[in-house]
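Residues: numbered from 1 along the sequence shown. We use all heavy atoms of the structure for the numbers below, so side chains are in, but hydrogens, waters and symmetry mates are not. Computed from a prediction, not measured in an experiment: that's the story for all the values here.
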Amino acid sequence: MRLRVLLLGAAALAACGEGGLDTPVAVSVNDVPPAGPRAGAVVFSEAPARWGQDPFVLNDAAIAGDTLSLNLSYAGGCARHEFTLVASESFRESDPVQLPLSLAHDANGDSCEAWLTQDYEFDLTLLRDRYRQSYGAGSGRIVLLLDSVPDGTLLYVFS
């Protein structure tokens, strides 16, 4: 199994132009990405492009507790990809309040073309805390207005 992982890692690096059949490439088992979802950052800003504008596809979205889980697909395979959930600095007044969100993707210059699908998780407690500061309430509901959500809007409920 270890030899298979080493060979697959070497092949992936060679496909990205970072080695070749003539160049020995050292890849360890530790270079294999961990299983499970990756953590994404959450920020408040009116300028989501600051955190990246690389393309991606949002396949699925769900909220459980204080965690937003997204299934994302994108081209790459040779560099670390970073996703940032960018929340508007102000709520839209309604019942429940609404909060516009954008998802920014920074591929860090990855020009590889493998089609990757990965789960990402975003901690929503920053949004909850901003709500509590704004409205003085312990519990609440926020409609998260995230572009391209496959099944419509997302409702974040907390106590």
Side-chain angles (χ1 to χ4, degrees), residues 5 8-9 12-13 15-16 18 28-159:
V5 170
L8 288 173
L13 288 174
C16 293
E18 296 181 16
S28 76
V29 175
N30 294 330
D31 292 335
V32 176
R38 297 178 184 210
V42 179
V43 298
F44 285 97
S45 174
E46 298 302 333
R50 176 179 173 197
W51 283 271
Q53 295 181 304
D54 293 309
F56 66 92
V57 174
L58 174 58
N59 302 312
D60 193 26
I63 296 176
D66 293 317
T67 302
L68 171 63
S69 299
L70 301 178
N71 181 268
L72 306 168
S73 295
Y74 49 90
C78 297
R80 180 179 170 92
H81 290 245
E82 298 172 17
F83 285 89
T84 303
L85 186 65
V86 183
S88 174
E89 294 178 351
S90 59
F91 294 102
R92 290 184 182 170
E93 297 302 323
S94 64
D95 187 22
V97 297
Q98 301 174 6
L99 185 62
L101 302 171
S102 297
L103 188 61
H105 175 209
D106 184 354
N108 289 305
D110 190 347
S111 61
C112 290
E113 297 180 8
W115 189 246
L116 307 171
T117 298
Q118 180 70 45
D119 292 321
Y120 281 80
E121 291 184 342
F122 299 86
D123 183 353
L124 298 176
T125 57
L126 191 63
L127 307 182
R128 180 195 66 203
D129 294 345
R130 175 69 63 98
Y131 178 92
R132 288 178 175 165
Q133 288 173 352
S134 298
Y135 298 101
S139 61
R141 301 178 321 154
I142 306 170
V143 174
L144 302 179
L145 302 174
L146 179 60
D147 291 339
S148 306
V149 171
D151 293 327
T153 61
L154 297 167
L155 181 63
Y156 175 36
V157 180
F158 52 89
S159 52

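Distance SG/C78 to CG/N108: 12.5 Å, rounded to 0.5 Å. Taking CD of E93 as the start and OG of S134 as the end, the distance is 8.5 Å to the nearest 0.5 Å. Taking OG of S69 as the reference point, atom CG of D119 lies at 7.5 Å (rounded to 0.5 Å). Here the CG-CG distance, from L68 to L103, works out to 8.5 Å after rounding to the nearest 0.5 Å.
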Yes or no on ring pair (Phe, Tyr, Trp, His ring centres under 6.0 Å) for Y156 and Y131, after CA distance, side-chain angles and deciding distance?
CA-CA 11 Å; Y156 175 36; Y131 178 92; 8.9 Å; no
Tell me, with the steps shown, if N71 and D60 meet side chain to side chain donor-acceptor pair (under 3.5 Å).
CA-CA 5 Å; N71 181 268; D60 193 26; over 6 Å; no
Would you check, one step at a time, whether the test side chain to side chain donor-acceptor pair (under 3.5 Å) holds for H81 with D110?
CA-CA 8 Å; H81 290 245; D110 190 347; 2.9 Å; yes
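Because its NZ or CZ atom is both nearer than 6.0 Å to the ring centre of F44 and within 45° of the ring axis, R130 counts as a cation-pi partner of that residue.
Applying the 6.0 Å contact sphere to CD of E46 captures more than 12 heavy atoms from other residues, nucleotides or ligands. More than 12 heavy atoms of other residues, nucleotides or ligands sit less than 6.0 Å from atom CZ of R132. The 12-atom threshold is not exceeded at CD of Q53, counting heavy atoms of other residues, nucleotides or ligands nearer than 6.0 Å.
The shortest side-chain heavy-atom distance between L146 and L85 falls under the 4.5 Å cut-off. Taking the side chain as every heavy atom from C-beta outward, Q118 and R38 approach each other to under 4.5 Å. Side-chain contact check for L144 versus L124: some heavy-atom pair is nearer than 4.5 Å. Two residues are said to be in side-chain contact when any heavy atoms from C-beta on lie closer than 4.5 Å; L58 and V149 meet this criterion.
Between the side chains of T117 and S73, at least one donor N or O lies within less than 3.5 Å of an accepting N or O. Remark: the T125 side chain and the D66 side chain contain no N/O donor-acceptor pair separated by less than 3.5 Å.
Ring pair H105/F83 is parallel by interplanar angle, where below 30° counts as parallel and above 60° as perpendicular.
Shown here for F122 and V42, the closest heavy-atom pair between the two residues is CB-CG2, 3.9 Å.
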